[in-house]
Structures are given as structure tokens and as C-alpha cells.
Amino acid sequence: MRLHGKRYVVLGAGAFLLIVGGLAANFGAFAHKAKHSPATLKAFDEVFMEQVRIGDLLFHGDPAMQEEFGVTLSKTGMACAMCHPMSADIHPHEFPKFQEQMNEFATLRDMTNWCIEKPNEGEKIDPNGGAMKALEAYMYWSNRGSKLDPGRH
Amino acid sequence: MSEIDRMRRHMDAELRKPGEHPDRSTRITRRTFLHKTFLTGTAVGAGSAAFGWLPLVNTIDMAFGATAQPFKFAWISDTHLYPKSVNTRFVDKAVRAFKEVQAMDPPADFLIFGGDLAQLGDPVELELGNQLLKEVKIKKVFIPGEHDWYLDMGKTWNKLFGQSPWRFDHKGVRIIGLDTVGSAPDYWSAKKMSPKERMDHMSVLDGTVAGAWSGLGNKQLQWLNDALADWPKGSPVIIFSHTPLYEYYPPWNFWVRDWREVHEIVRPYTSVTNIHGHVHQVLYNEIGTMRSIGMLATSWPWPYAPTGVPALTKPMVRVDPGDPFDGVGWGSLSFGAAERIENDYMMWRQDVLAESQVDSGTGDNVNQILSPRIADGMWPY
């Protein structure tokens, strides 16, 4: 009997939380629960594509965009796209993996900084900064549709 | 089906007729051996030692079914020189290639420079290249690349290196040099681009603004037709071009847009060899009666295109991005006494051609879908 009593208490508390949660959602406290309108999706896409566009410019060595972010991606005149047209041969979908040149387990951001520092003789950028996020957005976007295959050499 | 796939099928249907192929007296073998100039301890050997390298040569041997006399020539292209104040890396590699060509023993009959001497068409870059090329004392002939052209529309290039197209006969072979870069459709006037902006767009391989810039144009097609008109149909022809004379990958202008007309002109000739640059990679293809050989750059290697790599190509190795001397070099081609052509890829590394998929430059193409860039399409950004 005492166990039954506890079960009723637990069930009652659960039902109460569900009701409160539902009311909160109706009042917009949890926006991600709301249905997505075409306008919302368009806004999300615009945020993403703006990052892709910025990453595209950085990837192609645009001086103004580098200045805006305060980064120096190359000191040799080379841009990322000169070895990776359309971000070919980067295979972002195969990271993380053991990266031979670095002799360590690496993420795409690690490898991006390696390329900036070594072949391009530029200055390493903040791995969580805006320039890195935009570069990452561009590389993933331009490889979209490729099979996710982490660890592949 | 994508537009590229449609075009490729069209090319195959038009140009790969049943039973039609380049002269089958050609044999292709490949071997690797120590570079002769290193073994003989010439100046090249000393230069190589300074770099800490043993230069190794990878060779494609071809027997040429014609009456040509023995001779040898060298190919260098795609040096992409910057002013020395920006970058000496490409200068170092160009100098090395020039020294190795000059040290060839026996010497080459001539050097063909296959375009893209400069990176941004700057007269400073072109003049730098002109000075460096003085290292090579043998006869030199030139064809332009797009990087040499679109700052001043070829003015400096033509002044320093002469105009293209041209032709001459050498020991039984008709040799032709084409200009496949100077007839781009006008993408700059309507947008009021400065010469620098025009050049900047042209200099980006995956750019979308310059469009299908590679081609011969009607006037040069007529010239090519006339240049071959008096040549016996079974005698050897070599055509130098910066870009390949077939459709490999149009988004990167790995083609000429008027490949149909080119092949219509060369089709009656049974022994045509096109040697081209621009792709910065080992390539071999046969289309109709013409074979094509893609040559290395001295500057940096391009990855293979995601689609369209000719099935006859044995791909080069995946290169080490941390090694500026990997995946690059020059070429030496010999017409032997037994009517053979030897094409030596003078790549500055031990293994040139991939022996397994995991080491192949095309090995990962099966898992790579690429999209063209977008930011340059929003002109002016």
C-alpha cells in the first residue's frame, strides 16, 4: 500500500510538469517547440548562407574580409582555394581523423589552422572565432551531399 | 543528369566513334629511374643536393608510328611567379626547373614554355620570368596562359615572348603552338571592371565570373585548319596548348569550349599529340585520333576534378601539402631513334604515379560532391 501511494505521488508530479510545460510552450517560453513557418526557415537559411558567403571570401583570400576579422590567412600570396578549388580535396566530412602531417588526431579546425600556419605561412586563427566558423561553414556547404565518413584517410 | 555529364556524353558520342583511335603503333609503358643529370653530377645534381632531394623521373614511353627523326624537347609551365617581395617559393622552383632543363645531356632541341609564367599578369612578374628564363640557353618557344594575359590583355606577354599561334616543322614533325586563353567572352566591360579586377577574376580557378574563357575562337580555328592543310595525314603532329583540347572539367576551364571544332579539324590526321598545362597534374587521354598529355606545374598541384578524370589516366599520388616540392616539376619529351616518344614527368619526389587507391589523387573522388562558389557571383560585393 505504501508503495502504491508513492507511485501516485510520482505520477501526479509528472502530470503536473507536463501541464506546466505545455502551458509554457503555448506562451512561447520554448520557441523551438513552435511550428516553423517558411519565413522562419528562410531566416535560418539566410544566417547560414551569410556565413558561407563570408567563408567563401576568406577561403579565396579576400583582403577586406581578412581585415574585417583581423586575420592573416596567408603571407605567401596563396589562398586556400588555390590548392582546393571549390574546396576540393579537403573532405571535411572525413574529420575528425588521424592527420598524417600533424601526426595527431585532428578536427577540421585543427587542420585548417595547420594549413594557415604551414603551407600558407599565415597566422593561426582563433579555433572558435568568427573567421574559423565561416571557413567551416563554407567548406561543409561546398561539400554537402558527400558521405559522412569520419576517420577515413 | 548534370549539364557536365550531358556534355561529356555528347563528346563521347561525337568523338569516340567505333574503331577510331590514335595511331596504334603507340605503346605506353611507365618506369621510374634515377634522373640522368643527377647521376652525371652536373650542375643540376649540385642544385638537387642543395635541396636535399634525389630527383626521380617517371616516364611514359611511346612508340611513334611515323618517320620522325630523333629529338628531344622540354616542357615547363605554370610557374605562377609572384614578385620576389611577396613569395620566393615559386621562384625557387622555377629556377630549379630552368637549371635542370639547361643541364639536360644531350641537350634538348628546344624548351616549350606552356603558359602561366606569372600569377597576376603583372609586368613585374612577367619580366622576372623573362630574366629567370635566361638561364635556359637553348631555343625557347612560348604559349600564354590566362594568368599572363588579363591585366593588360597580353600586351606585355606579346612584347616579351611573341604572339601565338605559331607553327614550325622540326625533324619530320609539325609543331603547333596555340593561344587558348586570349579569346575569352567579354565579362568585364559591362561591369566596368578595372584591369586588376578583370585579372583577379580570371586568376581564380573556381571563379564563376570569367565563365568559359578557354577556347581558340573562330579566327584561330581557321588558322589551325590552314596550318595543317598541307601536312600529310599520317605524319606526326604535336599541338601545344595551355588548356586541354577536350572537355575534362569545364567549371575549372579544364577544356576548350570549341573542342568540337578542334577535333573536326584534327580528325583526318592519325598521329596527333596534344601536350598541355593548366591542370597541374598527370593526365593522359585519347579522344578520336588525338592523344593528350597533361603536364606538371612547377608551382603547386591542383587536385583532380571531382568528375571527368579520363579513364586512361593513371593518376598521380596524393601530395603532401606541407612539402612545397611535392607534386610539381616539369617534363622532358624525346622522339627516339625507333620513332618513340618518351615523356618524362620530372616530379621532385620518389613516387609519381599512385599504385593504390589510398595513395591516389583520385582515390577520394568517390566520396566527394562539390558545389561552385557563390560569393563572386554577387558582383559587386
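Values in this document were obtained by computation on a predicted structure and should not be read as measured data. All values below come from the heavy atoms of this structure, side chains included, with hydrogens, waters and symmetry mates left out. Chain letters run A, B, ... following the sequence lines, proteins first and then strands; every chain starts at 1.
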Handout entry: Any B/R373 side-chain heavy atom under 4.5 Å of A/F59 side chain
Key = no

Exercise for the section: May I ask you to test the A/R152-B/V358 pair for a side-chain heavy-atom distance under 4.5 Å? Expected result: no

Side chain, backbone, both or neither: which part of [X] has a non-hydrogen atom closer than 4.5 Å to chain A?
{"X": "B/P324", "answer": "neither"}
{"X": "B/L205", "answer": "side chain"}
{"X": "B/V204", "answer": "side chain"}

What parts of [range] touch chain B if we use heavy atoms and a cut-off under 4.5 Å?
{"range": "residues 110-119 of chain A", "answer": "A/W114, A/K118, A/P119"}
{"range": "residues 66-74 of chain A", "answer": "none"}
{"range": "residues 125-139 of chain A", "answer": "A/Y138"}
{"range": "residues 90-107 of chain A", "answer": "A/I90, A/H91, A/H93, A/E94, A/Q101"}

Gap separating the [atom1] atom of [X] from the [atom2] atom of [Y], nearest 0.5 angstrom:
{"X": "B/H80", "Y": "A/M78", "atom1": "NE2", "atom2": "CE", "answer": "9.0 Å"}
{"X": "B/Q368", "Y": "A/D149", "atom1": "CD", "atom2": "CG", "answer": "13.0 Å"}
{"X": "A/T76", "Y": "B/F90", "atom1": "OG1", "atom2": "CZ", "answer": "6.5 Å"}

Handout entry: Of B/D376, B/D206, B/D200, the residue whose pairing with A/H60 passes side-chain hydrogen bond (donor to acceptor under 3.5 Å, both in side chains)
Key = B/D206

Completion exercise
Whatever's closer than 4.5 Å to a heavy atom in chain B on A/R144 counts as both

Fill in the blank from the handout: Scored by heavy-atom pairs under 4.5 Å with chain A, the best of B/P251, B/P372, B/G322, B/P321 is B/P321

For the pair [X] (side chain) and [Y] (backbone), establish whether a donor and an acceptor sit closer than 3.5 Å, ignoring hydrogens and angles.
{"X": "A/D56", "Y": "B/I374", "value": "yes"}
{"X": "B/Y82", "Y": "A/G77", "value": "yes"}
{"X": "A/S142", "Y": "B/S371", "value": "no"}
{"X": "B/W302", "Y": "A/C83", "value": "no"}

Exercise for the section: Decide yes or no on side-chain contact (heavy atoms from CB on, under 4.5 Å) for A/M82 and B/Q119, but give the supporting numbers first. Expected result: CA-CA 11 Å; A/M82 289 170 71; B/Q119 169 62 13; 3.6 Å; yes

Completion exercise
Most heavy-atom pairs under 4.5 Å with chain B, out of A/M49, A/H84, A/E121, belong to A/E121

Exercise for the section: Output, in order, the C-alpha distance, side-chain angles, deciding distance and verdict of side-chain contact (heavy atoms from CB on, under 4.5 Å) for B/I369 and A/N143. Expected result: CA-CA 6 Å; B/I369 298 168; A/N143 277 270; over 6 Å; no

